[in-house]
S.K.: 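I have a structure here, written as structure tokens, and I will follow up with some questions on it.
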Amino acid sequence: MLDLFLFSGNAHPRLAEDIAAYLHTPPRKRILDRFADGEVRVEIGENVRGRDCFVIQPTCGSPGATVNDNLMELLTMVDALRRASARRVTAVVPYFGYARQDRKDKPRVPITAKLVANLLTRAGLDRLLTLDLHAGQIQGYFDIPVDNLLPRPLFLRELGKFDPAELVIVAPDAGSAKINRSYADRLDCGFAIVDKSRYSTDASKALTLIGEVEGRHCFIIDDIVSTGGTMVNAARLLSERGAKSVRAAVTHGVFAGKAFEKLAGSVFTEFIVTDSIPLRPDAPKMIRTISVAKLMGEAIRRTHYDLSISVLFL
Ligand code: R5P
């Protein structure tokens, strides 16, 4: 058994169990519930003095809890471990919420990604292990080490099932062109970009397509699906341009508002998301999860032993 202490928040106990199983080390005892007025109550159930502690908690919404609830749980757990004299506290945050407000893109708006970074650091965090940050630069909002894993090894395994001559990797907007291009280069297959215009926080439209998709299988890759608008609009455009089939591989399945309804009525034949966020049971059948437990677990193991994690970035 490894000499590291894993703790789970309430956001995604299943993923924490899967990571614990990979590491052959049990999640440690803690009380994590609410006081009568709703405040988060944490009590670490074991002596952690001098221990290397990891707290697994995506800051997503989850059944019965909001993004804010889960963020507050993470902060209070870090505070409790710090005050209990843990040697090192690492937050394992497979989905880092509030990341999309990462700059002042208009006057008088906050930069919530930086705010959350400040909160975590002030709570006493030593390291952050996360997955596919909405913008890589968010690493720089922290003055502690940040490891930002990518789902690329997992997605490449799925994409490898297709004949490269028949496959096109599609970036759903200009911002994701570079990462999508890296998939197409590795697979030696086609590449296309959708020109997306966002006209409000939760609404966008796909305008034009740059690249050839006619008669080919298209895979749209993105870091996050929220309302589903970006994906559904891009898929419709690809279908209109003669794609043989349209699939998606997305890291974080937020599925806000009517996302499930939109996807159920779309042209997607398959929609892959990682389990960085728990998938709700009412998800349409074509949505399939692939697990990040081994990837995150291996990064935890390597962090604990001070080993390089660069082998995990395929
Ligand atoms: C945009 O930069 C992101 O990568 C996603 O494409 C976007 O946040 C998805 O949002 P929605 O599902 O609401 O269109």
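Heavy-atom basis, side chains included; hydrogens, waters and symmetry copies ignored. Only a predicted model underlies this, so the values are computations on that prediction, with no experimental measurement involved. Just so you know, ligand 1 is whichever comes first in the structure, and atom 1 is the first atom listed for that ligand.
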S.K.: Could you label the plane-to-plane angle of the Phe260 and Phe255 rings as parallel, tilted or perpendicular, counting under 30° as parallel and over 60° as perpendicular?
M.R.: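 Rings of Phe260 and Phe255: tilted, as their planes differ by 30° to 60°.
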S.K.: Does only the side chain of Val254 get under 4.0 Å from ligand 1, or the backbone, or both, or neither? Count heavy atoms.
M.R.: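 Neither part.
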S.K.: Is it true that the side chains of Thr230 and Lys196 contain a donor and an acceptor less than 3.5 Å apart?
M.R.: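 There is such a pair (donor and acceptor under 3.5 Å, judged by atom type) between the side chains of Thr230 and Lys196.
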S.K.: Using 30° and 60° as the class boundaries, would you call the ring planes of Phe268 and Phe271 parallel, tilted or perpendicular?
M.R.: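 Because their plane-to-plane angle is over 60°, the rings of Phe268 and Phe271 count as perpendicular.
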S.K.: Using a cut-off of 6.0 Å, state whether more than 12 heavy atoms not belonging to Asp105 lie near its atom CG.
M.R.: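 Atom CG in Asp105 is crowded, with more than 12 foreign heavy atoms closer than 6.0 Å.
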S.K.: Is there a heavy atom in Arg100 that sits closer than 4.0 Å to ligand 1?
M.R.: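 The answer is yes: ligand 1 sits under 4.0 Å from a heavy atom of Arg100.
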S.K.: Check each atom of ligand 1 against the heavy atoms of Lys196 and keep those under 4.0 Å away; list them by number with element.
M.R.: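 Checking each atom against Lys196, I get 1 (C), 6 (O).
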S.K.: Return yes when Gly228 approaches ligand 1 closer than 4.0 angstrom through a heavy atom, no otherwise.
M.R.: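 It does, in that a heavy atom of Gly228 comes within the 4.0 Å cut-off of ligand 1.
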S.K.: Quick one: does ligand 1 sit under 4.0 Å from the side chain of Asp223, the backbone, both or neither, non-hydrogen atoms only?
M.R.: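 Only the side chain of Asp223 comes within reach of ligand 1.
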S.K.: Counting only heavy atoms, which portion of His252 has something under 4.0 Å from ligand 1: side chain, backbone, both, or neither?
M.R.: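 The answer is neither.
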S.K.: Tell me, yes or no, whether the heavy-atom count around Lys285 atom NZ, taken from other residues, nucleotides or ligands under 6.0 Å, exceeds 12.
M.R.: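 Open: at most 12 neighbouring heavy atoms sit under 6.0 Å from NZ of Lys285.
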S.K.: For Gly229, counting its heavy atoms only, list the atoms of ligand 1 lying under 4.0 Å from any of them.
M.R.: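 It comes down to these atoms of ligand 1: 12 (O), 14 (O).
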S.K.: Considering only heavy atoms, which of Asp173, Ile179, Thr251 lies nearest to atom 1 (C) of ligand 1?
M.R.: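 The option holding the nearest heavy atom is Asp173.
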S.K.: Mind listing the closest non-hydrogen atom pair of Asn10 and Gln57 along with its distance?
M.R.: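 Of all heavy-atom pairs spanning Asn10 and Gln57, the closest is N-OE1, 3.4 Å.
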S.K.: Only heavy atoms of Val225, strictly under 4.0 Å: list the atoms of ligand 1 that pass.
M.R.: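 Here the atoms of ligand 1 in question are 12 (O).
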S.K.: Quick one: does ligand 1 sit under 4.0 Å from the side chain of Thr227, the backbone, both or neither, non-hydrogen atoms only?
M.R.: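 Both backbone and side chain of Thr227 come within 4.0 Å of ligand 1.
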S.K.: Which ligand 1 atoms does His134 reach within 4.0 Å, using its non-hydrogen atoms?
M.R.: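 Heavy-atom distances to His134 below 4.0 Å select 1 (C), 2 (O), 3 (C), 4 (O).
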S.K.: I'd like to know if Asp275 pairs up with Arg14 as an ion pair, taking the criterion as any Lys NZ or Arg NE/NH1/NH2 lying under 4.0 Å from an Asp or Glu carboxylate oxygen.
M.R.: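 Looking at Arg14 together with Asp275, the answer is no, because their closest N to O distance does not fall below 4.0 Å.
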S.K.: With a 3.5 Å cut-off and no angle check, do the side chains of Thr121 and Asp143 form a donor-acceptor pair?
M.R.: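 Not at all, the side chains of Thr121 and Asp143 share no donor-acceptor pair under 3.5 Å.
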